[in-house]
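Comments concern the structure below.
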Amino acid sequence: ETGVTQTPRHLVMGMTNKKSLKCEQHLGHNAMYWYKQSAKKPLELMFVYNFKEQTENNSVPSRFSPECPNSSHLFLHLHTLQPEDSALYLCASSQESSPRTDTQYFGPGTRLTVL
Amino acid sequence: GENVEQHPSTLSVQEGDSAVIKCTYSDSASNYFPWYKQELGKGPQLIIDIRSNVGEKKDQRIAVTLNKTAKHFSLHITETQPEDSAVYFCAATPSGSARQLTFGSGTQLTVLP
């Protein structure tokens, strides 16, 4: 195990539902990330949090809303999603000790299906 | 921004043979190149990385080479075993932000017993 956990592991939701994905890291890291992994496409960075502050938002639609209450927890709130949002959502964390040494450790992901 | 191309998309080798996966990148200022292995039902796991001040790095059966002039880097796995079967991703950092990893599209490696 990498020390990064994600719940739930699988989620099926309708387009009108509201749900949340949870990520927790037990590594003492200070940066956390959300990625989207779709079939046949590279991992896409969605959001970056550094010391609980959002530092990157890669043009993600507003139907995805991140929340980072502390440096160990990260949420992704979902509402009015589209079927094309179905994907594996991965959380990662790293230690911002140096711009050149922040290896990212990934959780197992949440497989999301939007009906 | 950075663009990373990865080839091949699928690779099958006999157990014991070597496997090579190649990546090219576009941003000459990139200086950190990790490789991740993703098994079914799991998140990507870092297996090796290389920084721009070295040309080659080895860790047992795994090695990575970097050619900054040509802007490409490669993963070499020797004496492949069935448990090496997985999807492998290369990544690179664009200039100015080590956190903004840009990933290749992945290589499905199958090691045939």
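Note: hydrogens, waters and symmetry copies are ignored here, and every other heavy atom, side chains too, is used. Chain letters run A, B, ... following the sequence lines, proteins first and then strands; every chain starts at 1.
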Heavy-atom contacts under 4.5 Å, residues 104-113 of chain B to chain A: B:Gly104, B:Ser105
Under 4.5 Å to a heavy atom of chain B? For A:Gln6 that would be neither
Counting distance only, does the side-chain N/O of A:Gln104 pair as donor-acceptor with the main-chain N or O of B:Leu101 below 3.5 Å? no
Please confirm whether A:Tyr49 and A:Trp34 have ring centers closer than 6.0 angstrom. no
For A:Leu90, which atoms come within 4.5 Å of any heavy atom of chain B: side chain, backbone, both, or neither? side chain
List in chain and number order the residues that pass side-chain contact (heavy atoms from CB on, under 4.5 Å) with A:Lys36, two or more places apart in sequence or in another chain; answer none if no residue qualifies. A:Ser38, A:Glu44, A:Met46, A:Asp85, A:Ala87, A:Tyr89
Does a donor on one side chain and an acceptor on the other come within less than 3.5 Å for A:His77 and A:Ser20? yes
With sequence neighbours left out, what residues match A:Phe106 under ring-ring contact (aromatic ring centres under 6.0 Å, His included)? A:Tyr35, B:Tyr36
For B:Pro34, which atoms come within 4.5 Å of any heavy atom of chain A: side chain, backbone, both, or neither? neither
With ILVMFWY side chains joined below 4.5 Å, transitively, what does A:Val12's cluster contain besides itself? A:Leu115
Under 4.5 Å heavy-atom distance to chain B, tell me which part of A:Arg9 shows up: side chain, backbone, both or neither. side chain
With no hydrogens and no angle check, just 3.5 Å: does a side-chain donor-acceptor pair link A:Ser93 and A:His29? yes
So how far is it from B:Arg61 CZ to B:His76 NE2, rounded to the nearest 0.5 Å? 14.5 Å
